[in-house]
Visitor: 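Here you go, one structure.
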Amino acid sequence: MSDVVKKKRRWPYVLGGVFALLVVAVLVVLWRLDAILLKTAQEQAATYSQKLGRPIEIGDISTQLFPSVGAVVEDVSIGAAEGEDLPLATLAKVDVSVAVGPLLSSSGKDIQVKNAEVSGLTVNVVRLADGTTNVQRLLQRLEEQSPPEEPKPEEEKPTDLSGVHVERAALTDGTIRFVDRAGGQGARELAVKDLDIEVKDLRAGKPLAVDLAAAVLAEKQNLKLSLHAAPLPPTLIPTPERVTLKAEKIDLSPLGPFLPPDVGLQAGTLDADWKAELGSAVPGGKGPTRLVGAISALGLRFAGAEGGKALDVVLDTDVAGDLATGDLSLDKLKLDLGPANITGKGRVKGMLSDTPSVEGFELVGRNLDPAVLAEYYPPLKKQLQGMIAGPIGLDVRASGTQAAQAINVSVDLTPVRLRVPAQLTKDAGGAMKLTASLTGAAASGGALKFDAKADLSGVDLRPGLLVDKAPGQRMELTAAGTYAPGKGGVGMKVDVPKMTANLLQDTVTGSASFATAGSGKKQTTTFFADVKANKLDADALLFDEQELAARNGGTVPAPESAELPPEDPARFNGYRGDLRFAVGTLRYTQMDLTNVTGVVKMTDDLITVEKFSSGVFGGKVVADGTSIRLGPAAPQRPFEAKVKVEGVQVADAIAQATPRKVMTGTFNGNVDVKGIGYTPEKLKETLLGGISGNILGGTLLGKDLVSSVSEPLAKALPFASKALKSNEVTSLSENLPFGVQIKNGVAQLSKPITWTRPEAAMSFDGGIKLDGTLDLTGAVALTPSTVKTLTLGKVTPPSDIPVGLKLTGPAWKPEVTGVDVKPAVTTLAKLAASSLAGNLIGGERGQQVQQAIEGGEEKLRADAEAKRKELEAKAEEEKKRLEAEAKKRAEEEAKKRLRGIFGK
């Protein structure tokens, strides 16, 4: 019993000992925790020191776990780089503490930051002897070390931070020092001191208030800025509601040396007492917007200003508006830019409602000449690069109600000289003016009605190397329609039921609409256009390659897209649209098209020609079902062409490619091909499909195939003969059907093409390369009457005499090569000898000798049939050779690509 009592009395001592050990262990861990954290932080600082080229030091880290979890980091510095004598930044202390109870009870979801304070921050901005600053050097180093830009990740759902509550966050006693070492020994120093920024009670559901105060180049605080935001959402992303700015005679001249050298600021002062109620003017904001107060930057002098002119910039506003209803009140709007100014006054009410009204509204610009302003601010001259000079006329006036025009806008650039490189030029005095009128919703059944006109007759668009429009030629654009914002302030819709473009001598009319909705990956863009013209001369409006080369030093400029970085293949996602057109007569690339009609649809990046028809070259072309994808880069864009041709005059069509007359006749047929890319090199690899049809009443010009074989045959015969006279043409059959299969860069005949004329029967097989080079093997079988004429009556064979040959060279200038007359010469020599022997001997005996020499008529026919099969075999062999060569080229190209991928 006594043992049991002793054991019971002993357990408090055991428990006390265990607790004491735990306390000691915790104290040891806390003591070592600070050292461990400090060591880890210093190791990380050393790593970043190498990246920044500046020593980073951390003096001490101390932590606490109760009653708040917190840490204090002291004596942090980012030191000077090589050639600098002051550290970039020093920081006395960072103090952060978080309540323990809520953090533990919520498993880390309820984060209550009691205090987050940065104190004693000093940033040294040093202008070095070469005129650069240490900040510019740091930014340049960071840019050099930044990794290549990676594709943007898919949008993720915003993080819910509703469990975060910051009672106080602040920057206190901050300093930004500006030290000018460029002047040698006498360094100048100035500072923004006593910089305080404070945020209190930051959490979801509560309004946000940020206050900033600082002594800018002064001993006491002379700059105050406050920002107020609407109650924060769970993401804690603020929507600003109100901004207040106050500044008291801040001398800007000491800041000049620390601004970029091309600014050249030498003197000036800043005063401000300005307040902005932002409302719906910012994304996510609601309610009216109001801007009240003045901001003045006086006596601004810049290096190089003409005559040392000083520029006064004053913005004085008392402006209120509401984007949701279309209200705007200009009690005062005055912007002075030296000699130039913009003034405004008046009111607009309910412009986006059914009952708009306007009271004495006007917005007028005077002396808005950028070239004159550049005399005060020389950097503007460099930015303008002589592109614009002369006073811009700006006049916006309005009055009345929905029953009359509400707002008239006029922008007159007629007095202005423009020189925009690679786009346009305009001399002063050349007409260039935009006028527009706006009325309210009730007049149009929509939100806002507009009627606009642009006169560009004084503009020269030829420098853009696209539109061949000289100054003085007509170019006027007019449009009338409605604009309506999308629901919830997202997206918009524009309807233009009436638009007209007067382009040189032609007029285009039509209607269009455009709408956007949604945002991010769910954003959609829909459009529609219906364009009509009685006549349109695109050749007169656009440059052709010869004109481009003449204006570009003899070479056709590459398209700008060739120099652009790879585009996002998904950039057209969400696009939906229809384009309809009808043109009575269209002149394009020296082709005269008639009754051109079409319907083109776009779905994401897929362009589909639902309907297209046009009269051309005396016939008709239909391209229904043709399609292309625009998403991939140009070399990888897949396309499919489906074209039906009826009654097209071959001579007129070929004349577009070559001035030589190659062929006549009428073509009916179908083109059904698909491929990837546009260049000849790419099409040799990817183009597949076929062309089929027939040529009616065709004639091959410039080459008489019968004469081409008769001449070498006549020369080779062992007796007197005479080549047939060349007519420089080869007549085809009245209806010549053909079919072509395109593969591996060669258009191969599906089966030999054959036709018969009184003078010969002709047959060809083979192909034509995509560059237009012929590679055809065939035969010209001379009829008995033709042979009789050729042999001057000595021989009249019982059947046709075939002569093998090849057609090579460009299709527009074919060459007859490889004429094989030996079999024909042998046959004709036998026939001539037998005929001569039979005539000399005469009678039945002569016929027997003649048959012995000839080997009988059956043998002659057998020889002809054998020759025909031989020619067909050669044609088939040639076809296989072409296919093998194409396959080999494809394999070699594939090997080259693999070597390019693996670097071997």
Visitor: Starting from the C-alpha separation in whole Å, work towards a yes-or-no answer on side chain to side chain contact (heavy atoms under 4.5 Å, CB included) for R757 and V706.
Guide: CA-CA 10 Å; R757 305 302 300 173; V706 176; over 6 Å; no
Visitor: Does K535 NZ have over 12 foreign heavy atoms under 6.0 Å away?
Guide: yes
Visitor: Going by heavy atoms in the side chains, are R462 and P471 under 4.5 Å from each other?
Guide: yes
Visitor: What is the distance from atom CD of E640 to atom OG1 of T626, rounded to the nearest 0.5 Å?
Guide: 8.0 Å
Visitor: If you compare all heavy atoms of A747 against all heavy atoms of V740, which two are closest, and at what distance to 0.1 Å?
Guide: CB-CG1, 3.2 Å
Visitor: Do Q748 side-chain atoms and G766 backbone N/O form a donor-acceptor pair below 3.5 Å?
Guide: yes
Visitor: Counting neighbours of NZ on K703 that are heavy atoms of other residues, nucleotides or ligands and sit closer than 6.0 Å, is the number greater than 12?
Guide: yes
Visitor: Using side chain to side chain contact (heavy atoms under 4.5 Å, CB included) as the criterion, point out the one residue from L542, D537, L541 that pairs with D539.
Guide: D537
Visitor: Taking the side chain as C-beta and beyond, is there a heavy-atom pair between M475 and V459 under 4.5 Å?
Guide: no
Visitor: Quick check: are there more than 12 heavy atoms from other residues, nucleotides or ligands sitting under 6.0 Å from CZ of F738?
Guide: yes
Visitor: To the nearest 0.5 Å, what is the distance between CH2 on W755 and CD1 on I753?
Guide: 5.0 Å
Visitor: Please check: side-chain N/O of T608 versus main-chain N/O of E610, any donor-acceptor pairing under 3.5 Å?
Guide: no
Visitor: Starting from the C-alpha separation in whole Å, work towards a yes-or-no answer on side chain to side chain contact (heavy atoms under 4.5 Å, CB included) for L461 and L466.
Guide: CA-CA 8 Å; L461 296 177; L466 177 63; over 6 Å; no
Visitor: Would K433 and D455 pass as an ion pair if we require N to O under 4.0 Å?
Guide: no
Visitor: In a table with atom names and distances, give each donor-acceptor pair under 3.5 Å that connects a side chain of residues 496-504 to protein atoms at least two apart or in another chain.
Guide:
{"from": "N502", "atom 1": "OD1", "to": "T507", "atom 2": "OG1", "distance (Å)": "3.1"}
{"from": "N502", "atom 1": "ND2", "to": "E476", "atom 2": "OE1", "distance (Å)": "3.4"}

Visitor: Do V531 and V508 have side chains that approach each other closer than 4.5 Å (heavy atoms only, starting at C-beta)?
Guide: yes
Visitor: Could D530 and K532 be called an ion pair, given the rule that one side-chain N must be under 4.0 Å from one carboxylate O?
Guide: yes
Visitor: How long is the span from the CZ atom in R629 to the CZ atom in F572, to the nearest 0.5 Å?
Guide: 12.0 Å
Visitor: Count the heavy atoms belonging to other residues, nucleotides or ligands that lie under 6.0 Å from CD of Q505, then report whether that count exceeds 12.
Guide: no
Visitor: Of all heavy-atom pairs between D460 and A470, which one has the smallest distance, and what is that distance?
Guide: OD1-CA, 4.0 Å
Visitor: Closest approach of M591 and F617, non-hydrogen atoms and distance?
Guide: SD-CZ, 3.5 Å
Visitor: Testing the basics here: between D495 and F450, what is the closest heavy-atom pair and its distance to 0.1 Å?
Guide: O-CZ, 4.2 Å
Visitor: Taking distance alone, no hydrogens or angles, what donor-acceptor pairs closer than 3.5 Å link side-chain atoms of residues 592-601 to residues at least two apart or in another chain?
Guide:
{"from": "D592", "atom 1": "OD1", "to": "R587", "atom 2": "NH1", "distance (Å)": "3.1"}
{"from": "D592", "atom 1": "OD2", "to": "R587", "atom 2": "NH1", "distance (Å)": "2.9"}
{"from": "T597", "atom 1": "OG1", "to": "S613", "atom 2": "OG", "distance (Å)": "3.1"}
{"from": "K601", "atom 1": "NZ", "to": "D578", "atom 2": "OD1", "distance (Å)": "2.9"}
{"from": "K601", "atom 1": "NZ", "to": "D578", "atom 2": "OD2", "distance (Å)": "2.7"}

Visitor: Out of curiosity, N694 CG to F667 CZ, how far, rounded to the nearest 0.5 Å?
Guide: 7.5 Å
Visitor: Just by distance, do the side chain of K469 and the backbone of S457 share a donor-acceptor pair under 3.5 Å?
Guide: yes
Visitor: So does N670 have more than 12 non-hydrogen atoms from other groups sitting under 6.0 Å from CG?
Guide: yes
Visitor: Please report the closest heavy-atom contact between D605 and P632, naming both atoms and the distance.
Guide: OD2-CD, 3.8 Å
Visitor: Give, for atom CZ of F581 and atom CG of L586, the distance between the pair rounded to the nearest 0.5 Å.
Guide: 9.5 Å
Visitor: Would a distance-only check, ignoring hydrogens and angles, find a side-chain to backbone donor-acceptor pair under 3.5 Å from T524 to G574?
Guide: no
Visitor: Taking side chain to side chain contact (heavy atoms under 4.5 Å, CB included) as the test, write out the residues that go with V673, two or more places apart.
Guide: A641, V671, L687, I742
Visitor: Please answer whether the main-chain N or O of L705 pairs with a side-chain N or O of T730 as donor and acceptor at a distance below 3.5 Å.
Guide: yes
Visitor: Passes side chain to side chain contact (heavy atoms under 4.5 Å, CB included), D775 versus K806? Steps please.
Guide: CA-CA 7 Å; D775 196 347; K806 295 189 68 174; 3.7 Å; yes
Visitor: Identify the heavy atoms of D506 and R474 that sit nearest to each other, and give their distance.
Guide: O-NH2, 3.2 Å
Visitor: Is any side-chain heavy atom of N668 less than 4.5 Å from a side-chain heavy atom of E646?
Guide: yes
Visitor: Side chains of T666 and Q649: is there a donor and an acceptor less than 3.5 Å apart?
Guide: yes
Visitor: Are L701 and T699 packed together at the side-chain level, in the sense that at least one heavy-atom pair is separated by less than 4.5 angstrom?
Guide: yes
Visitor: May I ask you to check whether over 12 heavy atoms, not counting those of Q590, lie within 6.0 Å of atom CD?
Guide: no
Visitor: Are any of the side-chain heavy atoms of K743 and L688 separated by less than 4.5 Å?
Guide: yes
Visitor: Using modelled atom types only, decide if a donor and an acceptor are shared between the side chain of D624 and the backbone of F612 within a distance under 3.5 Å.
Guide: yes
Visitor: Please report the C-alpha distance between L805 and F764 in whole Å, then the side-chain angles of each, then the deciding distance to 0.1 Å, and finally whether the side chain to side chain contact (heavy atoms under 4.5 Å, CB included) criterion is met.
Guide: CA-CA 9 Å; L805 74 161; F764 287 92; 4.1 Å; yes
Visitor: Nearest 0.5 Å, what's the CG-CD1 distance between L774 and I768?
Guide: 5.0 Å
Visitor: Salt bridge or not for R576 and D604, using N-O below 4.0 Å?
Guide: yes
